[in-house]
Amino acid sequence: MAERVEMDRKDGKLIMAHMYVAIVCLIIGGLAGLLQTLVRSGQLKLPAGIGYYQILTVHGIILALVLTTFFIMGFQTAAVIRTCGKLSPLQRKLVWLGFWVMLIGTAMAATMVLLNKATVLYTFYAPLKAHVIFYVGMALVVVGSWISAAGQIMRYAQWRKEHKGLKSPLLAYMATINNVMWIVCSIGVAATVLLQMIPWSLGLVERIDVSLSRTLFWYFGHALVYFWLLPAYMSWYAVVPKIIGAKAFSDNLARMSFMLFLFFSIPVGIHHQLTEPGIDVTWKYVQVVLTFMVVIPSLMTAFSLFATFEAYGRKVGTKGLFGWIKTLPWNDARFVLPFIGMAAFIPGGAGGLVNASAQMNQVVHNTIWITGHFHLTVATAVILTFFGTMYWLIPHATGRVMTKAINRLAIIQGVMWAIGMSIMSGAMHYIGLFGAPRRSTYSEYGGSKIAAEWIPYQVMQAVGGTILFISIILVVIVFIQLAFFAPKGYEAFPVSEAMDEAAPAYKFVENWKFLIIVTIALILVAYTVPIGQMFMDPPPGAKGM
Ligand code: HAS
Ligand code: CU
């Protein structure tokens, strides 16, 4: 039982480099978030000519794009190492190279945002226009992530070569699915940045086709949110069961759901453009249907987690419909944080179904409801799982152990997050239904009565945001303790077995030719005509702002 798999020191340094960047991002991005809620509720005026939209850009880019990508590349690399074995010198060099390219790109983009030359929000699509260095920086972040993904995929491929005929370790398979999905989707954003935005920003062309640019962005942008989600699912399927002392419900089901994510994450981006002109309603309909297809693997995940928890509860003898809840380890931060994440994903996912339903989208689009939606999904379900993961991954990588005191602090941190986010996201959802816009600074809208009703909820958002900021300070304290001060020792990277471990594997889930052909075919079905129409009948294009 006491299988001891230590991480190679060199690999440990590589993983920690990613974690350091992630924690610095958390501090900067979290501070920007706090300032936003204070400005938006009319309690603070920003000094020194700093603009609301400038800090909103910092907040979105540094948290949603930079923190996530660094954490994910670090975690996935660690997962591949844990299940396939340590990296070869070439593979390690690739992941390091990817890390540095991403970091240089981040520095370039961040400099432009700080100089107020790239206040274009985290979605940075046209007609908002940034300095060319910003675009080059963002392109480098993407290219760096490809290089890192290549290193991870090579380790997985090497394992498969050395174990012909065997199914690969689940975590390595999942990381590879996410990497392949990421590479295929980020071609879209790379295309609009290189072919449209850079020439436009350099002044080589005067106008940009906004429709095409936004469509290419969202081809990437929806899959982006699954690129964040899948590492959390990796932990839910393959790590959390081990932490609670159970076996995962099914290895085959987990692989099947990841295969469906590869197929359906990309051909759905138009559900972000349901209110946009220039896209035929038939293709909006097709992509909404595909969006509901991508909900299925999430429902499979929910089923599988409940089954894991309940089966374990029954095994240790609990009765009744919900008796299993008592058997879960409520005093273990490695479990409590991801669990709060799962619970948050139930309303978060339900809100997604509302957004994806074309009629209801008319009500919520561009309101702060959407902001509420993604603070439950990425900023709770995903990030709390990432924090819970960090709390064993950092000591695993640095050769230290979590102590009782740090564990207690970590649980307090998770609970405060849950409280702060419930207040903030709850207020956002509610007042969004009454029309409060997203992405807008404090305004009384010329004494409008409707706008006056929004103010108390904006104050609630500031209260929630303040609690969240205190929680972030706790994350930083826990991080520093675990990275530098916790006692030396061995902390495991938990990897669970599945109940159907011995069952025959489905060969097709790992037949990469088949996977890639289906993925590309679905993308062609969903996008050929709508993008083709943009070329046949191009709008005059925008000069940019
Ligand atoms: Fe979304 C907008 C639709 C999931 C993030 N989404 C956004 C934006 C972001 C985002 C960042 O169709 C804003 C983009 C922008 O800036 O403009 N979203 C969906 C749908 C899903 C969905 C259908 N979104 C996510 C995830 C995100 C994310 C995941 C980040 C990680 N979203 C939309 C749409 C828009 C949108 C439209 C555009 C809106 C507009 O008009 O602009 C689905 O994938 C959701 C499926 C999930 C479920 C829940 C399953 C539950 C599970 C938990 C089980 C827990 C257990 C334990 C077992 C159906 C797996 C609990 C036990 C207890 C006892 C409690
Ligand atoms: Cu989406």
Side-chain angles (χ1 to χ4, degrees), residues 56 59-61 63-65 68 72 121-125 185 214 217-233 236-237 240 249 257 260-261 264-276 284 287-310 313 321-322 324-326 328 335 338-386 418 432 437-439:
L56 184 56
H59 177 72
I61 288 185
L63 293 178
L65 303 180
T68 49
I72 290 167
L121 309 182
Y122 86 106
T123 41
F124 64 89
Y125 44 55
C185 80
R214 288 173 61 105
F217 181 87
W218 285 120
Y219 160 96
F220 153 81
H222 182 80
L224 167 70
V225 315
Y226 287 113
F227 170 69
W228 303 330
L229 182 69
L230 293 194
Y233 276 13
W236 297 359
Y237 273 117
V240 169
F249 175 67
S257 89
L260 294 175
F261 278 120
F264 293 112
S265 289
I266 305 171
V268 298
I270 289 182
H271 70 223
H272 292 265
Q273 301 174 283
L274 293 174
T275 56
E276 269 173 46
K284 290 182 178 169
Q287 294 217 7
V288 162
V289 171
L290 290 168
T291 302
F292 280 87
M293 293 295 293
V294 81
V295 171
I296 293 172
S298 278
L299 294 176
M300 287 163 63
T301 306
F303 170 80
S304 165
L305 292 167
F306 274 117
T308 303
F309 296 152
E310 187 186 344
L321 202 51
F322 292 108
W324 51 269
I325 293 182
K326 284 183 294 209
L328 298 172
F335 164 75
F339 186 89
I340 298 174
M342 293 174 198
F345 198 45
I346 294 176
L353 302 182
V354 169
N355 303 345
S357 311
Q359 291 86 339
M360 287 193 272
N361 185 271
Q362 313 286 310
V363 177
V364 296
H365 181 65
N366 268 342
T367 72
I368 201 163
W369 161 286
I370 303 296
T371 318
H373 162 68
F374 66 71
H375 278 85
L376 284 183
T377 51
V378 62
T380 308
V382 169
I383 205 73
L384 276 189
T385 304
F386 287 3
R438 66 182 284 200
R439 297 180 152 169

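Counting starts at 1 for both ligands and their atoms, following the listed order.
Here V378 has heavy atoms under 4.0 Å from ligand 1 in both its backbone and its side chain.
For V294, the heavy-atom gap to ligand 1 stays at 4.0 angstrom or more. Ligand 1 does not have F322 within reach: every non-hydrogen atom of the residue lies 4.0 Å or more from it. W369 does not count as a contact of ligand 1, since none of its heavy atoms falls under 4.0 Å from the ligand. In this structure, F303 falls outside the shell of residues with a heavy atom less than 4.0 angstrom from ligand 1.
The CG atom of L65 sits 6.5 Å away from the CH2 atom of W228 when rounded to the nearest 0.5 Å. One finds the CG atom of L328 at 6.0 Å from the CZ atom of F309 (value rounded to the nearest 0.5 Å). Put simply, CZ on F261 and CD1 on I296 are 10.5 Å apart, with the number rounded to the nearest 0.5 Å. Rounding to the nearest 0.5 angstrom, the gap separating the NE2 atom in H365 from the CG atom in L274 is 8.0 Å. Within the model, atoms CG of L376 and CZ of F345 stand 10.0 Å from one another, a figure rounded to the nearest 0.5 Å.
Within the 3.5 Å criterion, the main-chain N or O of N361 finds no donor-acceptor partner in the side chain of N355. Looking at K326, its side chain never comes within 3.5 Å of a backbone N or O of G313 through a donor-acceptor pair. Panel note: side chain T380, backbone T377; no donor-acceptor pair is recorded below 3.5 Å. Panel note: side chain T367, backbone W369; a donor-acceptor pair is recorded below 3.5 Å.
With sequence neighbours excluded, the residues that form a ring-ring contact (aromatic ring centres under 6.0 Å, His included) with H272 are W218, H222. The ring-ring contact (aromatic ring centres under 6.0 Å, His included) test applied to F249 returns F303, not counting sequence neighbours.
With hydrogens left out, the protein atom closest to atom 65 (C) of ligand 1 is A343 CB, 4.0 Å, a heavy atom. Here the heavy atom of the protein found nearest to atom 63 (C) of ligand 1 is F339 CZ, 3.6 Å. Given atom 53 (C) of ligand 1, the protein heavy atom at minimum distance is M342 O, 3.5 Å. Scanning the protein for heavy atoms near atom 38 (C) of ligand 1, the closest one is H272 ND1, 3.5 Å. Summary of contacts: the protein heavy atom closest to atom 47 (C) of ligand 1 is G349 CA, 3.5 Å. If you check which protein heavy atom lies closest to atom 51 (C) of ligand 1, you get F345 CD2, 3.7 Å. In terms of protein heavy-atom proximity, atom 14 (C) of ligand 1 is nearest to Y122 OH, 3.4 Å. Here the heavy atom of the protein found nearest to atom 41 (O) of ligand 1 is H365 ND1, 2.5 Å.
For the pair I370/V364, a side-chain contact is recorded, criterion being any heavy-atom separation below 4.5 Å from C-beta on. Counting only heavy atoms from C-beta outward, the side chains of T68 and L224 never approach each other to under 4.5 Å.
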Between F292 and L353, does the side chain to side chain contact (heavy atoms under 4.5 Å, CB included) criterion hold? Intermediate values first, please. CA-CA 8 Å; F292 280 87; L353 302 182; 3.9 Å; yes

Side chain to side chain contact (heavy atoms under 4.5 Å, CB included) assessment of V288 paired with K284: CA-CA 6 Å; V288 162; K284 290 182 178 169; 5.5 Å; no

Please test H373 against V354 for side chain to side chain contact (heavy atoms under 4.5 Å, CB included), starting from the C-alpha separation and ending with a verdict. CA-CA 10 Å; H373 162 68; V354 169; over 6 Å; no

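Counting the atoms of ligand 1 from 1 in the order shown, those under 4.0 Å from a heavy atom of L305 are 58 (C). Every atom of ligand 1 is numbered from 1 in the order shown, and the set under 4.0 Å from a heavy atom of A302 is 51 (C), 52 (C), 54 (C), 58 (C), 60 (C). Below 4.0 Å from some heavy atom of Y233 lie the following atoms of ligand 1, by number and element: 60 (C). Below 4.0 Å from some heavy atom of N361 lie the following atoms of ligand 1, by number and element: 39 (C), 40 (C), 41 (O). Interface of W218 with ligand 1, defined as ligand atoms under 4.0 Å from a residue heavy atom, comprises 14 (C), 15 (C), 17 (O). The contact set between ligand 1 and V382, taken as ligand atoms under 4.0 Å from a residue heavy atom, comprises 31 (C).
Using cut-offs of 30° and 60° on the angle between ring planes, the pair F217 and F220 is perpendicular.
Counting non-hydrogen atoms of other residues, nucleotides and ligands closer than 6.0 Å to CD of Q359 gives a total of 12 or fewer.
Contact detail for I270 and Q287: the closest heavy-atom pair is N-OE1, 2.8 Å.
Residue R438 places at least one N or O, backbone or side chain, under 3.5 Å from an N or O of ligand 1. Considering backbone and side-chain N/O atoms, Y226 comes within less than 3.5 Å of an N/O atom of ligand 1.
Below the 2.8 Å limit, atom 1 (Fe) of ligand 1 has as protein N, O or S neighbours H373 NE2. For the Cu ion (ligand 2), the nearby protein N/O/S atoms, meaning those under 2.8 Å, are H222 ND1, H271 NE2, H272 NE2.
At a cut-off of 3.5 Å, with distance as the only test, a side-chain donor of S298 or Y233 sits close to an acceptor on the other residue.
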